[in-house]
Amino acid sequence: MATNAFQPIQGMSDIAPPDIYIWRMIEERAREVFARYRFDEIRTPALEKNELFTHSLGDTTDVVTKEMYTLEDRGGRKLSLRPEGTAGAIRYVASGGEETAGARVFYMGPMFRCERPQAGRKRQFHQIGVEAVGAPNPLADAEVIALQVHLLAAWGLKGAKVRLNTIGMPEDRTAVLEGLREAIRPRLSELPEEAQQRFETNVLRLLDSKDEAVQKVIADIPPVIEFMSAESRAYLNTVIETLKKLEIDVTVDARLVRGLDYYVHTVWEVVHGGLGAQNALAGGGRYRIHLDKRAVDGVGFAIGVERVIAALEAGGITAAQFAPIPPVFIVSLGDAALSENLMLLQMLRQRGVACEMELSARKVQAQMRRADKTGAQTVIIRGDTELEKGTFVVKNMADGSQREVELPELIKLL
RNA sequence: GUGGGUGUAGCUCAGCUGGUUAGAGCGUCAGAUUGUGAUUCUGAAUGUCGCGGGUUCGAAUCCCGUCACUCACCCCA
C-alpha cells in the first residue's frame, strides 16, 4: 500500500508502463487520422480565466457551478483549470481574426473536473477533441462525425454506437422549451420533487433522466423536433442523409440532450456497452459560442481517452500489445569486457539499435536472467576470450542457438 | 455534494465468533549451474495489518473518527 503523504491527489493518477503504451498508440493514430482530414494541432493553456468558461459553457451548467477547480492567483484574478477543451480552442480561434476564420483544429490533453470519481470518471482526465469553425452547415457536421467514427476504427474499437439528435437553432429554443413544458405540465405531479425543479430550471435535461418515473412521462410526449422550425428539421435531415451516403451508422434518439449551453442544431454522443454507468465515451455537437462582442460558430467533438481505453480493454485489447520492441542485451564477463562493451553499447545505439546491458560485472547467470526479463530476442555475450579473438557470441533467445561472429557480421545481424 | 463496498508483504489474497513470535501463492534475491536465460529443486529477505482514538488482561479482528481506493446517484468525456 502506498503511504498517504506521497500519493497523487484524489481522482488523479500516474500513467506509467505498461498502460502508457496504449496511450501512445491512441495519440499516434489520432495524429495520423487528423492529418488526413486536415486538422492541425493546437495546445492551449490548462489554466484560463474563469470567465472564459462561465461565458462559453453557461454559468448555470453543472460543469461550471459545481465541478470546476477555481483559484485566485497572486493578483487576485479568478482562474480555472479547464473542464473541457472547446472554450480554450475557440478563444484561440477568435483571437486570430480572419486568419483563423475557417480553422480546423484538434487538441489532446488533460481536463479537470472536481467530481466524485467512479468508473470512467477521474478528476484529471484526458480528451482528444476537434473544432471545425464555420457557419452552420450540415455537411460540416457530417464530416466531423465521419472523422470521429474513423478515429474509433483506427484505434481498433468495436461495438461503439453513435446516437444523434438536434436541439434546434437558437431561434427555436423558446418554442422548444415552451412546447416541452406544455406537454409535461399535465403530468407534473407524477415527477419526483427534484425533477419538478428541473422542469422550471432546465426542462431539456428531463429528457435523458435515468429516473423511471420521469422516463415514463417522457416516453409519452412528442420528440423535441416537433416543436422546431422547418429549417431545424431540414438541417437534421441533411445530416442524416449525408451520413447515410458516407455509410456511417447512427441512431436518431429524440431524448438525447447535452449539458452545455453553447450547443445548437446537431448533437451526438458515442456510447459503448463495455463501460459501466458512464457509458458515453465521446460527445459532440454544433455550437455558437459568444466571446465579447463576437460569436463563433463551429462543430466539434471530444473523446474521453480513459473511456476509450476501457472500451478497448473490454474488447480484449491490452496495453502490453503496444509495448516497445525488446532490446538487444549485452552480457559482459570480466572488467575488461565490461568497459569494452560499454563502447559497443553506445555504438549500436548510435546506429539505431535499442540495446541495454548490465553495468556491473555480475555472474553470467544473473545477467542472462535479466536479459530474459527484458524480453530480448538477441543477446550478445563478450568476455575476455572473445575480446582476445575480436569476436562476439550472438545468442538467439527463442531457440537457444548461438554463434560466434566478428564485428561486420554482428552489425549485419542487428 | 449523497449513499454502498473495500484497505493485511512489491502484486493477488487468507487470517473462523478478539488469544502467544501475522500467513500463502506469485514476484524479488541467492544457491544448485566457478562462461549461459526461460523449466526444475533448495533457501532467504520484505509488514507502522491505511491512519488516529476508544473498549479490553489482550485488537489485523469489536466501536468511533479520518484518509484513500472502488461502485452508484447527480452530471458528464
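Letters A, B, ... are given to chains in the order of the sequence lines, protein chains preceding strands, and every chain is numbered from 1. Hydrogens, waters and symmetry mates play no part in the numbers below; they use all other heavy atoms, side chains included.
Counting non-hydrogen atoms under 4.0 angstrom, A/Glu269 reaches nothing in the nucleic acid. Counting any heavy atom pair closer than 4.0 Å across all strands shown, A/Glu386 reaches a base atom. A/Gly400 comes within 4.0 angstrom of a base, heavy atoms only. Looking at heavy-atom distances under 4.0 Å, A/Lys363 makes contact with sugar-phosphate atoms alone, never a base. Heavy atoms of A/Lys210 sit under 4.0 angstrom from at least one base atom. Residue-level contact check: A/Gln367 touches neither bases nor backbone, having no heavy atom under 4.0 Å from any strand. A/Ile381 comes within contact range of at least one nucleobase, with a heavy-atom separation under 4.0 Å. At a threshold of 4.0 angstrom between heavy atoms, the contacts of A/Arg369 are confined to the sugar-phosphate backbone, with no base atom among them. A/Arg116 comes within contact range of at least one nucleobase, with a heavy-atom separation under 4.0 Å.
Atom P of B/G58 sits at a distance of 40 Å from the matching atom of B/C71, rounded to the whole Å.
Rounded to an integer number of Å, the gap from CE of A/Met368 to P of B/U34 is 15 Å. Look at CD on A/Glu194: it is 7 Å from P on B/C75, rounded to the nearest Å. Atoms CD (A/Gln365) and C1' (B/A32) sit 9 Å apart, rounded to a whole Å. The distance from atom CZ of A/Arg123 to atom C1' of B/A68 is 12 Å, rounded to the nearest whole Å. In this structure, the NZ atom of A/Lys66 is 7 Å from the P atom of B/C75, given to the nearest Å. Taking atom CG of A/Leu207 as the reference point, atom P of B/C75 lies 12 Å away to the nearest angstrom. If you measure from atom CG of A/Asp208 to atom P of B/C74, you get 9 Å, rounded to the nearest angstrom. The interatomic distance linking A/Gln10 (CD) with B/G50 (C1') rounds to 15 Å, in whole Å.
No side-chain heavy atom of A/Val239 sits under 4.5 Å from any side-chain heavy atom of A/His265.
Two residues, A/Arg362 and A/Ala398, neighbour RNA chain B, and the one matched to the more 5' nucleotide by heavy-atom proximity is A/Arg362. Mapping A/Ala371 and A/Gly284 onto RNA chain B by nearest heavy atom places A/Ala371 closer to the 5' end of the strand.
When the side-chain nitrogen and oxygen atoms of A/Gln118 are compared with OP1 and OP2 of B/U70, none of them lie within a distance under 4.0 Å. For B/C75, the OP1/OP2 oxygens have a side-chain nitrogen or oxygen of A/Arg198 closer than 4.0 Å.
In this structure, A/Arg185 does not pair ionically with A/Glu182, as no charged nitrogen and carboxylate oxygen lie closer than 4.0 Å.
Of the candidate nucleotides B/A72, B/A77, B/C29, B/A72 has the atom nearest to the side chain of A/Ala119.
Consecutive Watson-Crick or G-U pairing (both distances under 3.5 Å) extending over three or more pairs maps onto RNA chain B as B:1-7 with B:67-73, B:10-13 with B:23-26, B:28-32 with B:40-44, B:50-54 with B:62-66.
Of the candidates A/Glu386, A/Arg382, A/Glu404, A/Thr391 forms a side-chain hydrogen bond (donor to acceptor under 3.5 Å, both in side chains) with just one, namely A/Glu404.
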